[in-house]
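In what follows, a structure is listed as structure tokens, so that the remarks can point back to it.
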2 protein chains.
Amino acid sequence: MIRLEDVARAAGVSKSTASRALSRPDLVAAGTREKVQRLAAEMGLSLNPAARALFTGRTGTVAMVVPSLTNPYFGPILAGAQRELSASGGHALISSASDGDREVELAASLLGHADGVLLVTPRAPEERLRELATRIPLAVIDRPVPELPAYVADTPRGVGLLAAHLLELGHRRIGYVGGPDGSSLDRLRIDAAQDRVRTAGGRLDVVGSESPDLDTGLRLAAHWPFDDDVTAVVAYSSYIALGLLIGLRERGVEVPGRMSVAAVDHLAAVGGNGSGPLLTALRVPLEELGRAAAAALVGSTPAPAEVTRIGTELLLGRSTGAPAPRSPRGT
Amino acid sequence: MIRLEDVARAAGVSKSTASRALSRPDLVAAGTREKVQRLAAEMGLSLNPAARALFTGRTGTVAMVVPSLTNPYFGPILAGAQRELSASGGHALISSASDGDREVELAASLLGHADGVLLVTPRAPEERLRELATRIPLAVIDRPVPELPAYVADTPRGVGLLAAHLLELGHRRIGYVGGPDGSSLDRLRIDAAQDRVRTAGGRLDVVGSESPDLDTGLRLAAHWPFDDDVTAVVAYSSYIALGLLIGLRERGVEVPGRMSVAAVDHLAAVGGNGSGPLLTALRVPLEELGRAAAAALVGSTPAPAEVTRIGTELLLGRSTGAPAPRSPRGT
DNA sequence: TTGAAAGCGCTAACAG
DNA sequence: CTGTTAGCGCTTTCAA
């Protein structure tokens, strides 16, 4: 590995001048500058990041902590953050934490390794997160933590749109498949949906704490957890929704004929061959979430310690339709 | 951030003794050792990784380069590698490279940041990869590169199993949906399937270069690319297979009644409620791939420069069955 | 505009 | 068993 000193010697200048020619070009004579830069490129100089970090105290790296690397929901978030980081010459450290304690522990252990930590849907108590933030720059994704820079997809608002759509189609009894207990965002979503549905004189039945898999959807379709008069279901995960769609159809329940299905993310809501996407869902700007949070962490100005909400968009697909008539009079 | 010197002072010893008490405890008197260790813990000492790396030349970090962070196929691989790394106190750097050039460029730029690089399904020419390996320790996942430590899922063998299964059910005309051009593994898979199918007097029809999405499957179901006498399809991605399953059923083609569908990975092959998994597929040990490759990179002994094949397992699901009779005599 | 020198925090020879 | 010392490669005062 070729060092600054090698280039300096080749250029016939001192280390200091070589260093300046690269990091503060305006401080050296044009001729010297160009010679050093050319040689650096030719010789393939790569400044030792450790030495650099030791002096500057900055690593150029941001760490991302996610609950799980296998959950496809986090992929786009990581991708967005990673793209933003490499655009500014930085790198992304990544790790997964099984629970809130491990999250905080991990983030703290990252102190000298990264300039900041991006916590994605962290589960530690707010107080611990705020305490952590006093030790290392923090940004949070998909959890609104007061007094911390947080970036959340405004899915509560989006679920309102979803509920409105279903109500407009005529549904009054709607099921909701919720996420892990203690997800503050899921609670907000449920509240938002409740509001709309109740206002319209309907009822929302909630089952909770389901994991975001196809499997969950298939299982729920097989062991139906809702009352028989439920005519539409919203799942917080599009994989659950897809599982429901497949499972219901396998059991002879037409979707959307007898049951409408919708999802709170758009990961599996694909396929618009003229007939519209497969699933009615919320388009959630996951990459943008990651990008914004990463930008907040690497930006020269400290990130504002406030919650930033990013809007979602209703994606009308062919998994929702008018409810089947209650008594088989029509058709 | 509290430094070694602070702890040394508090313990009334020199920096060197404090350093030794932590990294080579056997070289220090029991009393001193315990005092230093206790104080280090109490004061929350965290050794500066940059200083450490500057001296030792090792960062304790391994970089992983994947083609895409949004493709769910890579999640489990990353998870396996990351788990292995953190088990040995290391960290994982992550980035995605859009093409072969960028891959090599990226890996080279990682030189001082990571002790080694894990390339997942890299697309650069073998020669460039071998050249890269002379500059930084390398391990490759899911591409057999001679003279490099490579860990590949033996899906060619697995596809043979899949083909045998379909042939045994009575299928003779089988479709195959292949991946991006130039994937050496996919070529091997196609060859393996061809072999089996031809030997049994059947024919394999291949369409290629499809991206691994649900969407692709839906599209193919809508614009059927195979001859009408094809009675079974194998897709290299389970998301494509799932899309096919949904799309075909939506068009009234029963699966597996009129068309059998199978996949070369098990990501979407879920749901065994007594009736078996939704999809017939190959269980591919993705986490194990990541784990093994990461272990090779951090192990004290250099990784063997050879291809290690990891077996797959046939997962019989309810998306495959006997072909429908050609002429509608029976039933 | 440039060079000499100090030092970031740590570890490992080398004496004692 | 422990302390002193030097130095990893870089950046930045401080003088020239």
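To find a chain, count down the sequence lines: A is the first, B the second, and so on, and within it residues start at 1.
Rounded to whole angstrom, the span from the CZ atom of B:Phe55 across to the C1' atom of D:dA6 amounts to 9 Å. In this structure, CZ of A:Arg52 is placed 19 Å from P of D:dC8, rounded to the nearest angstrom. Rounded to whole Å, atom C1' of D:dG9 lies 14 Å from atom NE2 of B:His113. As rounded to whole Å, 6 Å separates atom P of D:dT11 from atom CG of A:Leu4.
From one end of the helix from C:dT1-D:dA16 to C:dG16-D:dC1 to the other, with five pairs defining each end axis, the axis direction shifts by 40° (rounded to 10°).
Distances shown here put every side-chain N or O of B:Thr17 at or beyond 4.0 Å from the OP1 or OP2 atom of D:dT2.
One donor-acceptor pair, N or O on each side, does fall under 3.5 Å between the base of D:dT4 and the side chain of B:Ser16.
Rounded to the nearest 0.5 Å, atoms CG (B:Leu78) and OG (A:Ser96) are 10.0 Å apart.
A salt bridge does not link B:Arg33 to B:Asp26: none of the charged side-chain nitrogens sits closer than 4.0 Å to a carboxylate oxygen. Between A:Glu105 and A:Arg102, at least one side-chain nitrogen of the basic residue sits less than 4.0 Å from a carboxylate oxygen of the acidic one, meeting the salt-bridge criterion.
Here the nucleotide nearest the side chain of A:Ser19, chosen from D:dT2, D:dT5, D:dT11, is D:dT11. Among D:dT12, D:dT2, D:dT11, the nucleotide with an atom closest to any side-chain atom of A:Arg24 is D:dT12.
Here chain A contacts DNA chain C (any atom closer than 4.0 Å to a heavy atom, that is under 4.0 Å), and the contacts span C:dT1 to C:dG9 from 5' to 3'.
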